[in-house]
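Model, not experiment: these values are computed from the prediction. Within every chain, numbering begins at 1; the chains are lettered A, B, ... in the order of the sequence lines, protein sequences first and strands thereafter.
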Protein chains: 4
Amino acid sequence: MDAVFEATIQVLLVFGPRRLTTTRVAERAGVSVGTLYQYFPNKQALFYALNERYLEALAERIECACLAQHGGPIETMIQALVDTYWKAKTERADVTRALYQSVAEIDNGPLIEAFGRRVDAATTAMFASSKTVVENLATVNLTLVTTIFGTVRSVFERNLRPAEGEAVRQELISMCVAYTAALGTPPAGTIVETSLASQERG
Amino acid sequence: MDAVFEATIQVLLVFGPRRLTTTRVAERAGVSVGTLYQYFPNKQALFYALNERYLEALAERIECACLAQHGGPIETMIQALVDTYWKAKTERADVTRALYQSVAEIDNGPLIEAFGRRVDAATTAMFASSKTVVENLATVNLTLVTTIFGTVRSVFERNLRPAEGEAVRQELISMCVAYTAALGTPPAGTIVETSLASQERG
Amino acid sequence: MDAVFEATIQVLLVFGPRRLTTTRVAERAGVSVGTLYQYFPNKQALFYALNERYLEALAERIECACLAQHGGPIETMIQALVDTYWKAKTERADVTRALYQSVAEIDNGPLIEAFGRRVDAATTAMFASSKTVVENLATVNLTLVTTIFGTVRSVFERNLRPAEGEAVRQELISMCVAYTAALGTPPAGTIVETSLASQERG
Amino acid sequence: MDAVFEATIQVLLVFGPRRLTTTRVAERAGVSVGTLYQYFPNKQALFYALNERYLEALAERIECACLAQHGGPIETMIQALVDTYWKAKTERADVTRALYQSVAEIDNGPLIEAFGRRVDAATTAMFASSKTVVENLATVNLTLVTTIFGTVRSVFERNLRPAEGEAVRQELISMCVAYTAALGTPPAGTIVETSLASQERG
DNA sequence: CATGAATGAGTGTTCATTCAT
DNA sequence: TATGAATGAACACTCATTCAT
């Protein structure tokens with residue numbers, strides 16, 4: 001079973017989503033096609049399960065990391081969040097890349113959506129536990145999570161060199177920290193206006 | 001020709017990458033398959049051209065927007081950058097989604113890479129023209145661009161509701177502004193340390 | 001197209017319904033599988049078309065034969081009917097056998113039903129044109145047609161030797177003639193009672 | 001064992017010959033596939049046994065019915081023969097239909113042939129015991145049996161409504177009786193000529 | 001004996017690509 | 001140059017059969 005998932009990733013990386021065949025996956029996993037179809041009713045189910053499993057593990061990991069930061073300072077929270085997500089995506093970059101490709105096989109939209117909401121909940125709870133009171137936490141949290149997710153994705157997509165990726169990771173933390181730090185004190189005279197402020201008026 | 005590109009996007013959206021066939025694209029474009037193959041030697045070439053064309057237009061648009069901000073305040077630059085990119089991706093969300101799916105057909109990695117570098121150059125030039133001097137501009141710029149690219153992608157991927165997307169867009173601007181504002185004045189006593197500083201020492 | 005039908009029959013006879021594959025049919029027909037699928041959307045459609053075409057031709061042939069007998073004596077009508085049907089089924093016994101086997105591929109029930117009704121109509125019209133008035137013509141006709149159809153089928157199914165088949169054919173005519181002849185004069189004192197009589201009373 | 005046969009029929013009726021699988025049969029019969037293969041070496045053997053068993057039972061039933069009529073009047077014999085066969089086929093119409101479909105799995109030709117010959121023997125003996133002497137009994141008997149077999153089959157195949165089927169059954173008896181009654185007295189001046197006469201001359 | 005997971009040859013069907021018209 | 005019928009390799013999936021437990 002694990003072998004099948006691993007094989008799927010390998011085939012995805014070596015052959016790409018177009019030339020991934022159930023036969024090839026089975027072969028690589030060291031089982032027969034028939035066996036593959038005893039585990040998964042069809043090809044899509046295999047991909048769905050692969051994504052589900054991956055996102056489940058990732059969600060748990062993030063939830064765990066969030067819980068560990070409860071009550072701490074917001075900067076540490078952000079750093080922990082970025083680091084956890086980044087590490088999870090980076091430590092097995094091949095898996096990450098493979099899963100990005102699996103869009104060709106299934107529409108993992110709903111899975112990603114659910115995953116996002118789940119992480120939102122965990123991080124919101126974490127930030128809410130902070131001593132620093134954040135106004136409009138829902139929006140701020142959504143922004144942080146979406147930004148972090150996206151930046152990691154973009155680092156992969158742009159195929160940044162390791163050093164560049166590392167730099168972006170550290171800067172992302174700074175960015176998020178600066179953002180939350182600035183939340184309470186909007187600098188007067190700026191053109192820029194946060195949605196929080198505008199929404200409060202509107 | 002344009003009809004073919006448009007048809008490709010439509011078919012991609014309606015049928016998904018798996019059930020996209022050259023015949024269907026040709027049909028939708030109002031030409032015969034044979035004609036399609038006179039324009040493009042094969043299916044991949046069609047997708048390559050589609051992506052290339054799209055990214056070329058997008059790059060130009062961003063370059064243009066950057067040039068317009070030369071010499072201005074950094075906040076306006078950021079706002080312009082985010083707005084331009086966001087608008088480009090949002091105004092034809094269907095195309096954006098379709099192109100995200102085209103990974104199944106071609107590995108657009110190199111195209112995206114090149115596109116990123118080109119945007120980097122344009123934004124770096126823009127930021128360099130600002131009165132505010134930014135230390136370690138390359139890294140800062142890379143972070144900004146990568147973050148902006150990624151966040152937009154993530155908004156699509158997470159399928160955020162329009163209001164949420166809008167909120168994230170505005171907050172992203174705040175975030176980038178706060179980040180650049182904080183660059184000159186690293187708050188003492190923080191755990192967080194920017195990669196710039198650490199790299200300068202390392 | 002005709003080649004495909006012919007090939008289907010050949011493959012059906014040589015390999016049987018289980019080992020009939022679209023590839024084999026195409027091969028035998030001298031075309032590629034792809035071409036086969038341009039004529040017929042799927043395997044079942046091929047079989048449906050084959051049956052439809054065959055039954056259509058057969059129905060026309062019978063209708064034609066029936067028309068030719070209009071106004072004649074009933075004995076000649078019966079002989080013509082049996083002979084026409086018998087000849088049609090026998091002259092290409094391979095086709096007949098092949099079609100009997102195609103039940104495995106499609107449920108040709110509706111086709112057969114419609115064919116039967118169509119023949120019923122033709123024969124009823126023919127018998128109605130006879131000088132001999134037949135009471136309860138609908139039932140008599142149904143019996144004649146059903147019996148003739150069935151007997152031919154049974155001769156094939158039982159794999160009777162040619163001489164036996166021929167004998168049965170001739171006797172079947174006698175039987176049908178004797179039946180119609182006896183219709184007007186039910187022999188007194190018989191245990192047997194025709195449904196006509198019983199229905200007339202009931 | 002009986003459960004397996006019953007299950008086979010059920011699966012045949014519900015899924016049709018194409019989607020009948022050994023696994024499904026085993027499942028329905030409440031045993032494992034392995035067990036199924038201990039009873040029957042392969043799928044064909046199962047079908048062969050099913051047909052054999054059915055035809056054996058049917059033959060016995062007919063033989064029995066024939067014996068019961070020995071020495072009686074020919075009309076009663078015919079009625080008994082038709083009724084016995086008709087009832088056997090009709091009382092479990094589902095089984096009858098299922099067996100008609102099993103042609104896809106095995107060529108039951110030889111079984112049917114043997115069955116026919118066996119019935120021929122039984123009915124010939126019966127008719128021979130009648131007080132009425134039938135000339136050319138072999139041919140007459142073959143005709144009667146073949147006609148009866150076929151008519152029943154045709155009633156199923158044409159999917160006649162119950163009332164129609166019943167009418168045909170009664171008329172079939174009349175027909176056979178009329179046929180045998182007319183055997184001794186060939187009506188002068190008819191075009192029709194029985195094969196008996198023609199063969200005797202030829 | 002009974003089980004049912006594992007096997008893999010075989011099948012229906014698709015679709016990128018070609019080429020005669 | 002445009003066409004679209006023809007091609008056939010490739011694929012997802014099935015199912016009769018085996019055999020370790």
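- Whole-Å rounding puts the Phe47(A) CZ to dC11(F) C1' distance at 13 Å.
- If you check dT18(F), dT17(E), dC13(F) against the side chain of Tyr37(D), the one that comes closest is dT18(F).
- Regarding Leu36(B), its CG atom lies at a distance of 14 Å from the C1' atom of dT18(E), rounded to whole Å.
- Taking side-chain N and O atoms only, Ser32(D) has a distance below 4.0 Å to OP1 or OP2 of dT3(E).
- A salt bridge is defined here as a Lys NZ or Arg NE, NH1 or NH2 lying under 4.0 Å from an Asp or Glu carboxylate O, and Glu157(D) with Arg97(D) fails to meet this definition.
- In this structure, Gln38(C) does not reach the dA5(F) phosphate: none of its side-chain N or O atoms is under 4.0 Å from OP1 or OP2.
- Heavy atoms of Tyr39(A) sit under 4.0 angstrom from primed sugar atoms or phosphate atoms, though from no base atom.
- Following rounding to the nearest Å, Phe40(D) (CZ) and dC15(F) (P) show an atom-to-atom distance of 20 Å.
- Pairing for dA6(E) goes to dT17(F), judged as Watson-Crick or G-U wobble with the two contacts each under 3.5 Å.
- Within the structure, a side-chain polar atom (N or O) of Arg24(A) is placed less than 4.0 Å from OP1 or OP2 of dC11(F).
- Side-chain proximity of Thr21(D) to the nucleotides dA16(F), dT17(E), dG12(E) is greatest for dA16(F).
- By the 6.0 Å and 45° rule, Arg24(A) stacks over the aromatic ring of Phe15(A).
- Between Phe115(D) and Phe149(D), the ring centre distance stays below 6.0 Å.
- The nearest whole Å value for the distance from the CZ atom in Phe15(C) to the C1' atom in dG12(E) is 17 Å.
- Contact annotation for Leu20(A): backbone-only contact, meaning every heavy-atom pair under 4.0 Å involves sugar-phosphate atoms and none involves a base.
- Nucleotide dC11(F) forms a Watson-Crick or G-U wobble pair with dG12(E), both donor-acceptor distances falling under 3.5 Å.
- With DNA chain E read from its 5' end, the first of the two nearest nucleotides for Lys43(B) and Val33(D) is the one closest to Val33(D).
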Problem - side-chain contact (heavy atoms from CB on, under 4.5 Å) between Gln44(C) and Glu105(C), intermediate numbers included - result: CA-CA 6 Å; Gln44(C) 291 193 23; Glu105(C) 304 301 329; 5.9 Å; no
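- When the nearest nucleotides of DNA chain F are assigned to Val31(C) and Gly34(B) by heavy-atom distance, the more 5′-ward of the two goes with Gly34(B).
- Annotation: cation-pi pair Arg53(C)/Phe5(C) absent, no NZ/CZ under 6.0 Å from the ring centroid and within 45° of its normal.
- Each of Asn42(A) and Thr35(C) was matched to the nucleotide of DNA chain F holding its nearest heavy atom; the match closer to the 5' end belongs to Thr35(C).
- Residue Thr22(B) is in base contact, counting any heavy-atom pair closer than 4.0 Å across all strands shown.
- Here dA12(F) presents its C1' atom at 16 Å from CD of Glu27(A), a figure rounded to the nearest Å.
- In this structure, Arg18(B) places its CZ atom 9 Å from P of dC13(F), rounding to the nearest Å.
- Of the side-chain N and O atoms in Thr23(B), none sit less than 4.0 angstrom from OP1 or OP2 of dC15(E).
- Considering only side-chain N and O atoms, Arg19(B) lies nowhere under 4.0 angstrom from the phosphate OP1 or OP2 of dC15(E).
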